[in-house]
Each structure stands twice: as C-alpha cells, then as structure tokens.
Amino acid sequence: MLPLNEPTATPATREALTQDVDALLNPAEAEGVYRDSSECAALLLLAGAVLLAPPPPRPKKG
C-alpha cells in the first residue's frame with residue numbers, strides 16, 4: 001500500500017485504476033481445482049450408493 005501523505009511521481013489515471021480494481025475483484029481461477037460436471041455426477045452417484053448400501057450383517061450371539 002502506498003502511504004497517502006507522499007506524492008506519487010506519476011498521477012494515476014482512471015483507466016489504470018479500473019484495471020487494477022478489476023484484477024483484484026476477479027482473480028484468476030486456480031488450475032485443476034474445479035471438476036467438470038460428469039466427474040461431479042459420478043462422485044455423487046458413488047457417494048449415494050455407499051450411503052444407501054445395506055449395513056454388513058452382525059455376527060450372531062450364542
């Protein structure tokens with residue numbers, strides 16, 4: 001951050017400030033973090049199948 005009490009060598013233009021603000025508000029997305037919808041659907045189906053599977057039988061006492 002620039003101190004407010006020191007004058008800058010070149011005055012900031014509105015276009016330069018707009019580009020800086022846009023870059024801060026819309027950062028680049030990290031590569032490899034987001035999955036496509038088919039992978040998400042497959043993972044959702046797999047998780048649902050695991051949750052809906054019957055529990056393993058318990059050993060009988062006696």
Side-chain angles (χ1 to χ4, degrees):
M1 246 175 134
L2 294 174
L4 296 177
N5 57 0
E6 294 181 15
T8 58
T10 58
T13 62
R14 184 178 193 100
E15 292 81 19
L17 289 176
T18 303
Q19 290 175 356
D20 289 342
V21 169
D22 284 341
L24 290 172
L25 292 177
N26 299 319
E29 295 177 354
E31 291 293 325
V33 174
Y34 302 101
R35 301 173 188 239
D36 61 351
S37 59
S38 62
E39 287 182 32
C40 288
L43 289 173
L44 183 63
L45 287 174
L46 179 64
V50 168
L51 289 174
L52 293 177
R58 294 183 178 178
K60 295 181 180 180
K61 294 182 179 178

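Heavy-atom basis, side chains included; hydrogens, waters and symmetry copies ignored.
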| Under 4.5 Å side-chain linkage, directly or through intermediates, the cluster mates of L25 |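 Besides L25, the cluster holds V21.
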| Quick one: side chain to side chain donor-acceptor pair (under 3.5 Å) partners of S38, sequence neighbours excluded? | D36
| field | Atom pair CD/OG1 of E15 and T18 - distance to nearest 0.5 Å | value | 6.5 Å
